[in-house]
Amino acid sequence: MRDLSAELLAWYDTHAREMPWRVAPADRKAGVLPDPYAVWMSEVMLQQTTVAAVRDYHRKFMTVWPTVRDLAAADDADVMAAWAGLGYYARARNLLKCARAVVADYDGVFPDTYAELLKLPGIGPYTAAAVAAIAFDRPETVVDGNVERVMARLYDIHAPLPGSKAELTARAAELTPQTRPGDYAQAVMDLGATICTPRSPACGICPWRDDCAARIAGTAAELPKKTPKKKTPTRFGIVYVARRTDGAWLLETRPETGLLGGMLGWPGSEWGDNPEPQPPFAADWRELTEEARHTFTHFHLRLKIMVARTGPATQPLRGEFLSQAKFNPTALPTAMRKVFDLASVTLRDD
DNA sequence: TAAACGTGGCG
DNA sequence: TCGCCAAGTTT
């Protein structure tokens with residue numbers, strides 16, 4: 001069989017996707033490696049997230065916190081607000097923990113081995129391999145969704161994920177070269193993202209087309225197989241949007257753990273089949289005609305919105321009033337921002 | 001091992 | 001409207 005990794009690297013030399021945190025193959029060949037901090041930041045943001053969604057967030061974070069020491073010294077609330085809208089907020093909490101661990105335990109210098117990286121918060125097998133390979137050119141094997149799909153097709157593996165992950169990982173490891181491992185890691189993911197796509201893969205222009213068992217068998221488009229998922233249930237909730245006469249909004253910081261953990265949100269009921277009303281203070285609460293709808297990974301959410309105006313003396317049972325000047329709606333996670341968008345029509349400035 | 005954990009784009 | 005999918009990690 002031909003040298004698959006060499007074929008892929010040749011393809012990557014002319015087809016590498018451009019990303020702000022990436023060093024082009026020509027420059028890497030000249031010995032230039034990217035800033036490990038920027039690579040780590042990008043890899044955490046890219047977990048289950050598209051490159052298009054990450055670009056602006058990565059630029060913003062690198063501008064506001066240019067080094068890991070800057071990030072480690074940041075206020076938690078500022079980091080959570082900057083992450084708002086990107087999703088999977090545990091990543092932001094772990095991002096801060098990791099930055100502080102790098103400063104405290106590694107003198108602000110990212111460790112350069114898979115084993116050490118794996119110990120850090122928010123860094124799992126994929127991210128440890130990605131940072132080790134991309135930032136330090138270590139021959140580690142990255143296995144993300146792209147690589148799983150590419151391997152399943154290259155070897156025509158029909159066993160369903162996630163059960164087949166170990167076998168796909170083993171196949172990927174066999175292919176990982178000792179030369180240019182950082183470029184190879186990015187190349188195999190780029191291949192999955194641009195050619196070996198989930199739907200209608202472009203097998204005709206694939207650098208591995210002559211080696212791909214699934215293309216030859218005609219099964220590429222139906223791989224990888226996955227075990228079927230349960231369908232998503234619907235939960236209901238009630239949120240309370242209060243505005244004081246001086247323009248302040250009643251908000252609360254959600255608990256550190258769980259859904260939207262550590263993020264700003266509107267006080268309200270638990271979310272379930274039949275939520276119990278829980279107004280944060282007694283008032284003439286008005287129900288909005290339209291409810292806010294949002295879909296999370298594992299359930300649909302429908303929020304009934306109650307609004308009220310109140311005076312300066314109000315002492316809420318939960319949350320605290322945030323002045324007009326301090327409240328930035330972009331600091332809200334999307335579900336809560338949808339509520340704001342609907343409620344602000346009624347509670348807008350007079 | 002399985003479930004929890006966001007969001008936006010696409011067919 | 002709906003399910004699938006995106007450079008996964010944690011519990």
Side-chain angles (χ1 to χ4, degrees), chain A residues 16-17 19 21-22 39-58 80 83-95 97-98 117-135 140-150 160-166 169 172 182 184-194 196-201 221-222 224-235 254-263 265 271 293-301 332-338:
Chain A
R17 299 173 78 185
M19 301 176 199
W21 51 85
R22 181 178 273 188
V39 171
W40 162 73
M41 179 82 71
S42 73
E43 291 302 339
V44 173
M45 289 182 169
L46 284 165
Q47 290 167 10
Q48 298 290 282
T49 308
T50 59
V51 171
V54 163
R55 283 182 190 278
D56 288 351
Y57 283 89
H58 190 271
M80 299 311 289
W83 195 278
L86 196 56
Y88 283 142
Y89 298 99
R91 293 184 296 172
R93 300 193 296 274
N94 285 328
L95 193 80
K97 284 184 195 165
C98 182
L117 287 162
L118 191 58
K119 295 177 184 174
L120 292 165
I123 296 186
Y126 163 77
T127 305
V131 173
I134 297 169
E140 302 292 350
T141 302
V142 296
V143 184
D144 70 337
N146 289 304
V147 177
E148 289 173 350
R149 183 172 59 256
V150 169
L161 281 165
S164 57
K165 185 175 174 84
T169 298
Y184 177 80
Q186 297 173 95
V188 67
M189 291 190 285
D190 276 17
L191 184 70
T194 62
C196 195
T197 52
R199 280 184 289 247
S200 52
E222 63 191 67
K225 303 279 192 187
K226 298 195 175 180
T227 51
K229 301 170 181 175
K230 299 171 190 172
K231 48 185 153 190
T232 57
T234 299
R235 295 182 193 169
R254 298 172 60 84
E256 275 296 300
T257 56
L259 195 67
L260 308 181
M263 298 300 291
W271 299 344
R293 294 187 176 214
H294 189 74
T295 299
F296 294 103
T297 306
H298 51 299
F299 66 94
H300 301 293
L301 177 63
L332 295 172
T334 300
M336 298 296 172
R337 188 186 46 71
K338 288 180 179 176

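Order of the sequence lines fixes the chain letters, A, B, ..., with proteins taken first and strands second; residue numbering starts at 1 for each chain. These values consider heavy atoms only, across backbone and side chains, with no hydrogens, waters or symmetry-generated copies. Values in this document were obtained by computation on a predicted structure and should not be read as measured data.
Within 4.0 Å of A/Gly261, counting heavy atoms only, lies no atom of the nucleic acid at all. At a threshold of 4.0 angstrom between heavy atoms, the contacts of A/Met263 with the nucleic acid are absent. Note on A/Gly192: nothing from the nucleic acid sits closer than 4.0 angstrom, heavy atoms only. Among the protein residues, A/Leu260 comes within range of the sugar-phosphate backbone only, with heavy atoms under 4.0 Å from sugar or phosphate atoms but none that close to a base.
Out of C/dG3, B/dT7, C/dG8, the shortest distance to the side chain of A/Phe296 is found at B/dT7. You'll find that the side chain of A/Lys230 is closest to B/dA3, out of C/dA6, B/dA3, B/dA4. If you check B/dT7, C/dG3, C/dA6 against the side chain of A/Arg199, the one that comes closest is C/dG3. Relative to the side chain of A/Thr334, the nucleotides B/dC5, B/dG8, C/dG3 differ in distance, and B/dG8 lies closest. Of the candidates B/dA4, B/dT7, B/dG6, B/dT7 carries the atom nearest the A/Ala335 side chain, counting heavy atoms from C-beta on. Out of B/dG6, C/dG3, C/dC4, the shortest distance to the side chain of A/Gln48 is found at B/dG6. Distance from the side chain of A/Lys226 is smallest for C/dC5 among the nucleotides C/dG8, B/dT7, C/dC5. Here the nucleotide nearest the side chain of A/Asp144, chosen from C/dC5, C/dG8, B/dC5, is C/dG8.
One N or O donor and one acceptor, one from the side chain of A/Thr49 and one from the base of B/dG6, sit under 3.5 Å apart.
Across the protein-nucleic acid pair, A/Tyr89 atom OH and B/dG6 atom C1' stand 6 Å apart, rounded to whole Å. In this entry the distance linking CZ of A/Arg149 with C1' of C/dG8 reads 15 Å, nearest Å. The distance between atom CG of A/Leu301 and atom P of B/dG6, rounded to the nearest whole Å, is 12 Å. The CG atom of A/Leu161 sits 13 Å away from the C1' atom of C/dC5 (whole-angstrom rounding). Spacing between atom CG of A/Leu46 and atom C1' of B/dG8 amounts to 15 Å, rounded to whole angstrom units. Here the P atom of nucleotide B/dC5 and the CZ atom of A/Arg91 are 15 Å apart, to the nearest Å. The nearest whole Å value for the distance from the NE2 atom in A/His58 to the P atom in C/dA6 is 21 Å. What separates NZ of A/Lys229 from P of B/dT1 is a distance of 18 Å, to the nearest Å.
A sub-4.0 Å separation between OP1 or OP2 of B/dC5 and a side-chain N or O of A/His298 is present. A close approach under 4.0 Å does not occur between any side-chain nitrogen or oxygen of A/Arg337 and OP1 or OP2 of B/dT7. A sub-4.0 Å separation between OP1 or OP2 of B/dA4 and a side-chain N or O of A/Tyr88 is absent.
Take A/Lys119 and apply the salt bridge (charged side-chain N to carboxylate O under 4.0 Å, His left out) test, not counting sequence neighbours, and it matches A/Glu116. In terms of the side-chain contact (heavy atoms from CB on, under 4.5 Å) criterion, residue partners of A/Thr334 (sequence neighbours excluded) are, by chain and number, A/His294, A/Arg337, A/Lys338. Here A/Arg22 pairs with A/Asp190 under the salt bridge (charged side-chain N to carboxylate O under 4.0 Å, His left out) rule; sequence neighbours left out. In this structure, A/Glu140 has no salt bridge (charged side-chain N to carboxylate O under 4.0 Å, His left out) partners at least two apart in sequence or on a different chain.
Using modelled atom types, one side-chain atom of A/Arg91 and one backbone atom of A/Met45 make a donor-acceptor pair closer than 3.5 Å.
The salt bridge (charged side-chain N to carboxylate O under 4.0 Å, His left out) pairs that include a residue from residues 120-133 of chain A number zero, where partners must be two or more places apart or lie in different chains.
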What are the atom names and distances for every N/O pair under 3.5 Å that joins the protein to nucleotides 9-11 of chain C?
{"residue": "C/dT9", "atom": "OP1", "partner": "A/Gly124", "partner atom": "N", "Å": "2.7"}
{"residue": "C/dT9", "atom": "OP1", "partner": "A/Gly124", "partner atom": "O", "Å": "3.2"}
{"residue": "C/dT9", "atom": "OP1", "partner": "A/Thr127", "partner atom": "N", "Å": "3.0"}
{"residue": "C/dT9", "atom": "OP1", "partner": "A/Thr127", "partner atom": "OG1", "Å": "2.9"}
{"residue": "C/dT9", "atom": "OP2", "partner": "A/Pro125", "partner atom": "N", "Å": "3.4"}
{"residue": "C/dT9", "atom": "OP2", "partner": "A/Tyr126", "partner atom": "N", "Å": "3.3"}
{"residue": "C/dT10", "atom": "OP1", "partner": "A/Gly122", "partner atom": "N", "Å": "2.5"}

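When each of A/Pro162 and A/His294 is assigned the nucleotide of DNA chain B with its nearest heavy atom, A/Pro162 is the one assigned upstream, toward the 5' end.
Checking A/Glu43 against A/Tyr126 by side-chain atom types alone, a donor-acceptor pair falls below 3.5 Å.
Using a 30° and 60° split on the angle between ring planes, A/Trp271 and A/Phe296 fall in the parallel class, below 30°.
Here, B/dG8 and C/dT9 have their P atoms 22 Å apart, quoted to the whole Å. A gap of 15 Å separates the P atoms of B/dA3 and C/dC4, to the nearest Å.
Counting all heavy atoms, side chain and backbone alike, A/Val143 lies closest to A/Ala172 at CG2-CB, 4.4 Å.
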